[in-house]
Number of protein chains: 2
Amino acid sequence: MTSSQTAGTAPRSALTRARVLESAVVLADRDGLGALTMRSLARELGIEAMSLYHHVANKEDLLDGVVDVVAAEIQDAVGRLDTQADDAPKSAWKPAMRRQILTSRAVLLRHPWASTVLESRTSFSLHIVRYFDSLIGLMRRGGFSYDLVHHALHALGSRALGFSQELFEPDGAAAGSAAGGGAEEGADDAATAMLMQMAEQVPHMIEMLAEISHEGPESTLGWCDDQTEFEFGLDIILDGLDRLAEREQH
Amino acid sequence: MTSSQTAGTAPRSALTRARVLESAVVLADRDGLGALTMRSLARELGIEAMSLYHHVANKEDLLDGVVDVVAAEIQDAVGRLDTQADDAPKSAWKPAMRRQILTSRAVLLRHPWASTVLESRTSFSLHIVRYFDSLIGLMRRGGFSYDLVHHALHALGSRALGFSQELFEPDGAAAGSAAGGGAEEGADDAATAMLMQMAEQVPHMIEMLAEISHEGPESTLGWCDDQTEFEFGLDIILDGLDRLAEREQH
DNA sequence: GAAGGAGGCTTACAACGTAAGCCTTACGCC
DNA sequence: GGCGTAAGGCTTACGTTGTAAGCCTCCTTC
């Protein structure tokens, strides 16, 4: 409620909310999300855990803030794209949207833990909302009704921000156990072996694996290129939306 | 390594792995995923926490097992669908796949926590793999190349099992804090209020909200029908795959 | 110079997963 | 029939997590 507080406040300490959040991002990037605890973050900053609570309300708030940092990074990257000319043809929405989404994806790929945190948030970040606002703007300029825009956002889901929800990520980048148990590399081989064991229960899958990696299905999970698959799925949705938008306009 | 152990083993106790897992599902259904701890599960079963470790290796294993229970439920429901006739036209893959996915979704809607756990798994459940195998089979009968099948599974992502990754679920069904802080109902009103405050920063979004819920944007997050939105997105992808499959066959 | 608050620190607690080890019971075997 | 064995319960204890409570020490402002 103190109103004369906005600009002045000569900081006694170098520790600020911004510095806390920044350190949290660095720590998560380096050691994984699971390593981001109040105590480890404090250690990183050379202070005690409880001191953090003068800058964040609790861990939830810390994660909110950390999401916001990444969201700002996304918005910054998106802002660098050349904005669309007003006299662009209606069909320009599709490549523009594609570019914005892939730009966001590029940022998120630098912070593999971020999508997990993002999903778990219950409140909005202003930067994220602005991101979505610009997506809405692109679709509107493409002639979408607001109703279609709304459906489109749902259809894109997490893909709107540049990540997809794969069921089984072989490299558990989002998993927290960075310094946990050992077995990590033999994972896909083990999975493949398991599949072979139940070959007769899953004939199509076996055959698919045999055919796709046609030098024999010894390493099955390494053959997917995430970026290609993401763009494939994205383009299906964008093309579908395109068709619906055209139909809307008779 | 005792080989004469498979069928006999007169059980001294009524407590088995199956009963443990079943109780875990019940508990998670009732109190949420966050309430599923080794201690609470033990209490539910009338035993002590450490006794659970005679039936599950650790909590990860417990979650694996719990996923497997739900996966079995899914497979059971899918199995009840009338299997596709061999002389069905190629185009039959699409409604069949749609039905299977929506059936899985119906099961998952009864266990709102399950999708979260499912995502976090690093190992496969046989039931899940068989589920995917049958999807693959449907697409193959529809004339898909294995390559297209593979892309299709990636494009569907979590939608293949019947849930989509919405960025901001207003009702935090998957969130763990069932018995935590209080504020839950005023959430969307609060979010709406926040949006109104930054109206000029997100003009398109404000306008969209104003138009869609055109009795004025007072409750913005209640207007989405999850099932409708899911089917909308699913159909876009299925239609897109359909077109690609046809193109493949010249 | 007194007041007060911002921001650090220490201590303490409850809840979590789980390692270690004890005790009982029931079964298989001589 | 007695005995070894192990399955399956229980108790205790430890380290880690988030965080409540309170102390102290500055710096800023009347």
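So that the names make sense, note that chain A is the first sequence line, chain B the second, and so on, each numbered from 1. FYI, side chains are in, hydrogens and waters are out, and symmetry mates aren't considered; it's all heavy atoms of this structure.
- In this structure, A:Leu41 atom CG and D:dT17 atom P are separated by 12 Å, rounded to whole Å.
- Mapping A:Met50 and A:Ser40 onto DNA chain D via the closest heavy atom, the residue that lands nearer the 5' end is A:Ser40.
- Taking atom OH of A:Tyr53 as the reference point, atom C1' of D:dT19 lies 5 Å away to the nearest angstrom.
- Atom P of nucleotide C:dA6 and atom NE2 of A:His54 are separated by 10 Å, given to the nearest angstrom.
- Of the side-chain N and O atoms in A:Ser51, one or more sit less than 4.0 angstrom from OP1 or OP2 of C:dC9.
- Listed candidates were C:dC9, C:dT18, D:dT19. Nearest to the side chain of A:Asn58 is D:dT19.
- Expressed to the nearest 0.5 Å, how far OG of B:Ser164 lies from CD of B:Glu231 amounts to 11.5 Å.
- If you take CG of A:Leu45 and C1' of C:dG8, they are 13 Å apart, rounded to a whole angstrom.
- Per the geometry, CZ belonging to B:Arg39 stands 12 Å off C1' belonging to D:dT11, to the nearest Å.
- The CD-P distance, from A:Glu48 to D:dT17, rounds to 14 Å in whole Å.
- When each of D:dG9, D:dT19, C:dG17 is scored by its nearest atom to the side-chain atoms of B:Thr37, the top-ranked nucleotide is C:dG17.
- Between the CG atom of B:Leu52 and the P atom of D:dC10 there is a distance of 9 Å, given to the nearest Å.
- Rounding to whole angstrom units, CE of residue B:Met38 and P of D:dT12 are separated by 19 Å.
- Relative to the six-membered ring of A:Phe163, A:Arg105 misses at least one condition, a distance below 6.0 Å or an angle of at most 45° to the axis.
- Contact annotation: B:His55 reaches the phosphate of D:dG9 (side-chain N/O to OP1 or OP2, under 4.0 Å).
- Checking side-chain atoms of B:Arg39 against main-chain N and O of B:Ala49 turns up no donor-acceptor pair under 3.5 Å.
- For the pair A:Val66/A:Trp113, a side-chain contact is recorded, criterion being any heavy-atom separation below 4.5 Å from C-beta on.
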